[in-house]
Amino acid sequence: MSFELRYRVFMNSFDEDDAFEAAARPSLSQLAMQGAMRNAMPENKGEYLEGLNAEQREAVLALEGPVLMLAGAGTGKTKALTSRIAHLLHSATARPNEILAVTFTNKAAREMKERVARMMGHSVEGMPWLGTFHSICVKQLRRHAELVGLKSNFTILDTDDQLRLLKQLIALHGIDEKRWPARLLAGIIDGWKNKAYTPDRVPAADHAAYNGQGVALYRAYQERLKTLNAADFGDLLLHMVSIFQNHPDLLASYQRWFRYILVDEYQDTNVAQYLWLRLLASEHKNICCVGDDDQSIYGWRGAEVGNILRFEKDFSNAKIIRLEQNYRSTGHILAAANGVISGNTERLGKQLRAVKEDGEKLRLVGHWDGEVEARWIGEEIEAMASGVRSRLRQYSLEDMAILVRASHQMRAFEDRFLTIGLNYRVIGGPRFYERKEIRDAMAYFRVICQPEDDLAFERIVNTPKRGVGDKAIKDIQVIARRDRISLLAAAQLAIDEGALKGKAKSGISKLLTDFERWRDLNFRHQNTNGAQSEGLIEDGASDPAEINHIALAEMVLDESGYAAMWKNDKSPDAPGRLENLKELVKALEQFDHLAGFLEHVALIMENESAADEAKVTIMTLHAAKGLEFPVVFLPGWEEGLFPSQRSLDEAGTKGLEEERRLAYVGITRAEEICTISFAANRRVYGQWQSQLASRFIDELPADHVNVEAMTGLNVAQPASSPSFADRVSSADAYDSPGWRRMKARSQHSNIGSAAKMVINAKATAVFDVSDRVFHQKFGYGEVVLVEGDKLTIEFDHSGTKKLVSSFVRCADDAGDVPF
DNA sequence: GATATGTCGCTTTTT
DNA sequence: GCGACATATC
């Protein structure tokens, strides 16, 4: 059996327990579940209805027909949504696999699964169609890939691959990439895909895009993706919409199947997602969409708030239910949020009512520069964690979050927290799977799983160095294009034809035999592990050469010389990279085979670090949507940064309104204490710039805000009405209570560190001046000064830093990594 | 072909 | 102020 063929057998078996066919013969787990449901019924009948308010209850009980739930921040929409699912299942109105429940993020999907499980009192393994738009579309597309010219083992490209591919095509078309950046084209194509335009459906008005060649390049790009057997993110939706539009019979079977549809964060759907939903819902019309127009913050990504507005038009007799009781935030916080959002004109209109007491007013703090801001917030967090700051209660670090507009703002906080030894976690920062070493390793796995993946092959063909230079790669590309074959196949042909010589020849030839061996091992493993069903395993089960994917991954990294490359690398971050590779291999344990892992990584780009100790969370406002924290810090409220200049330039008033919604989202994340701050000076592109306080600060209703400390600032021109800008400039900043408190604190700056030092003591080694040390982020360096547990270190490549000693270790230990 | 140096442009936001 | 890309030099 050829590899191709065997692979396909595997992929089919992969789908074995897939939801759809399971219809006719319910799987064991489903049977078990239904049994459990019936058994559970007498005791917890209607339990999930308790604790719902009238509107929530209405939303849960209205199972038949279209429902639009307009749910403001903190009004318990997830509760309503999950209760609705529980109700569907519990009342035996629908079987678990007949419910399509879509979210945007993996986090939301996971939470929904967990909450439904909790309500039902058992797991919801039987809900195969609860997931993100993307994961559900992948599932469908793997099954019908051939209808759009793909094979079911297609690769999902991320933005990086997408960009590299576009660059190649742009060069091929003789366009100057400097003048017409690939990023621009990527954005245009993404935009089209979000609107569900295939190349021949791009409207004439858009034909001038990208120097008039946008459509041609889009077409070429799609062709290229097909030959690479790959799909980008936009394709997942686009392909499914095309398939449904072109194959009515197939669509009909899905329409019949999904008797109940639920959609979370409906305001964030783009046109493609909307079409996909509408196609699927048009049979039973039992669709329940939940959304909040005030929290629509993904317009830049093609989200159409219009989808929410036209719901009634699309689905006649739609029931509209408003959730306006806010259970999350105190009165002052809610009032401030309401005040800010009222500045927007395009709203459906909704007034959140607080259930909680007024609580503390928002705090507004101005700082001299970004570093002072980071320092102040760090101290504030320490004080709250030690119970000094708050008269309400002591907070855990887990209760606190810093929400920023743009990810580069995170660095100031990271630097500061590293220095004072404050535990933090960054969500959505530089991602694990975007690191070079991880992407390289993944490229090896990709070529193993999908030999047509030229992008991956190109990435690693000379990494580590195999003596394959530009010339050799060009030659291989020429052959590949001539014979319309993959680079991998072309490389083999090049050797057979004698087109390669010397180092290039021997290097590639070794790589090719390696890949052949690895792929064979991988196939055997997948075939035994992925195919539980009959007759598929012809060989392998008892084969002594059998090897699992984890051992295979180690073998690949080892035999390819990739691990050795970093081991021999003397640069400061090499040890860290080896650590990351080790982590990557460890991550494989949660999967059955490499292919499953690759898909997971493509769809779920988050890296979950073990939540062992309490940590402050740092993340973007976008990432914070749907979350809540007792204590929230909102730094960097400055013109140009927030609202972002770019957003204003690109989308004008629309952009400003979206930024304002972002401010609204930020404030409404807070349950008890919300602190907004800004700095008068900030480094932008490494250059100091003086900043103006954000216009959103002027829009905060003064009755609900305390101005805490203003430390000598340049402030925006006074606005027409008396505003904070005025109060800031007129305040005697240097005599304010806040200033005095700050000064007092800076003299003995470690209010909250007693407990922390106990924690740190356990792991802290003792360092002396001139010790060589290693730091995960800054690399190698030498200790030049020791003050208690604080070290001043001159790093070889990262300059001089002052850090708490528990964050560094002896340079000698650092090399102690596997491979 | 592999390294060392220089230049430019850039930062929103993410499945 | 950093990293991606290009050019220069071995």
Side-chain angles (χ1 to χ4, degrees), chain A residues 102-109 131-138 156-160 162-164 167 171 177-179 181-183 186-187 190 193-194 231-237 265 268-270 272-273 296-303 403-412 415 427-431 433-434 436 462-474 501-504 507 599-606 619-625 636 640-651 655 658-659 661-662 665-666 682-688 797-799:
Chain A
V102 213
T103 66
F104 271 84
T105 64
N106 298 294
K107 214 188 298 158
T132 63
F133 276 99
H134 295 272
S135 66
I136 290 173
C137 280
V138 169
I156 302 166
L157 297 188
D158 62 21
T159 14
D160 207 73
Q162 204 181 77
L163 228 45
R164 283 194 299 142
K167 274 180 190 166
E177 211 257 341
K178 282 258 155 62
R179 257 191 75 116
R183 280 179 156 279
D190 267 352
K193 288 188 175 177
N194 286 338
D232 66 18
F233 268 103
D235 281 340
L236 302 179
L237 262 301
E265 308 280 14
D268 288 334
T269 49
N270 62 34
Q273 288 158 339
S296 156
I297 54 176
Y298 285 104
W300 53 274
R301 214 169 80 191
L403 311 181
V404 298
R405 175 63 183 83
S407 50
H408 67 258
Q409 290 172 265
M410 293 176 180
R411 193 197 277 138
D415 279 353
I427 310 257
R431 305 221 185 94
Y433 293 116
E434 279 169 12
K436 190 163 84 169
N462 198 33
T463 311
K465 303 262 179 291
R466 297 190 174 86
V468 186
D470 295 347
K471 175 79 168 54
I473 292 173
K474 272 239 165 63
K501 300 195 179 57
K503 263 204 239 159
E599 176 151 318
H600 169 86
V601 171
L603 291 176
I604 304 168
M605 293 287 286
E606 61 197 52
M619 65 175 129
T620 63
L621 287 163
H622 284 87
K625 195 171 68 160
L641 186 58
F642 188 41
S644 133
Q645 190 56 49
R646 186 151 166 189
S647 185
L648 263 37
D649 292 345
E650 281 173 10
E658 182 152 314
E659 296 286 305
R661 290 193 290 269
L662 214 38
V665 167
R682 198 174 285 279
R683 234 203 295 245
V684 181
Y685 300 141
Q687 214 71 38
W688 281 102
H797 294 85
S798 320

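Values below: every heavy atom of this structure, side chains too, minus hydrogens, waters and symmetry copies. Here is the naming used below: chain letters follow the sequence lines, and residue numbers restart at 1 for every chain.
Of the possible polar contacts, none joining the A:N270 side chain to the A:R301 backbone as a donor-acceptor pair under 3.5 Å is found.
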N/O to N/O distances under 3.5 Å, protein versus nucleotides 8-10 of chain C:
none

Check nucleotides 5-11 of chain B for protein N or O atoms closer than 3.5 Å to its own N or O atoms and list the pairs.
from, atom 1, to, atom 2, distance (Å)
B:dT11, O2, A:H408, ND1, 2.0

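Legend: residues meeting ring-ring contact (aromatic ring centres under 6.0 Å, His included) with A:F642, ordered by chain and number and at least two apart, are A:W637, A:F696. Take A:K503 and apply the side-chain contact (heavy atoms from CB on, under 4.5 Å) test, not counting sequence neighbours, and it matches no residue. Looking at residues two or more places apart in sequence or on another chain, you find a salt bridge (charged side-chain N to carboxylate O under 4.0 Å, His left out) between A:E650 and A:R646. With sequence neighbours left out, the side chain to side chain donor-acceptor pair (under 3.5 Å) criterion links A:D268 to A:K625. A:H134 pairs by the ring-ring contact (aromatic ring centres under 6.0 Å, His included) definition with A:F233, not counting sequence neighbours. By the salt bridge (charged side-chain N to carboxylate O under 4.0 Å, His left out) test, A:R164 is found to be paired with A:D161, residues two or more places apart in sequence or in another chain being considered. With sequence neighbours excluded, the residues satisfying salt bridge (charged side-chain N to carboxylate O under 4.0 Å, His left out) with A:R682 are A:E373, A:E638.
The shortest distance between the side-chain N/O atoms of A:S135 and the OP1/OP2 oxygens of B:dT15 is not below 4.0 Å.
Residue contacts for A:K436: at a heavy-atom cut-off of 4.0 Å it reaches no nucleic acid atom on any strand shown.
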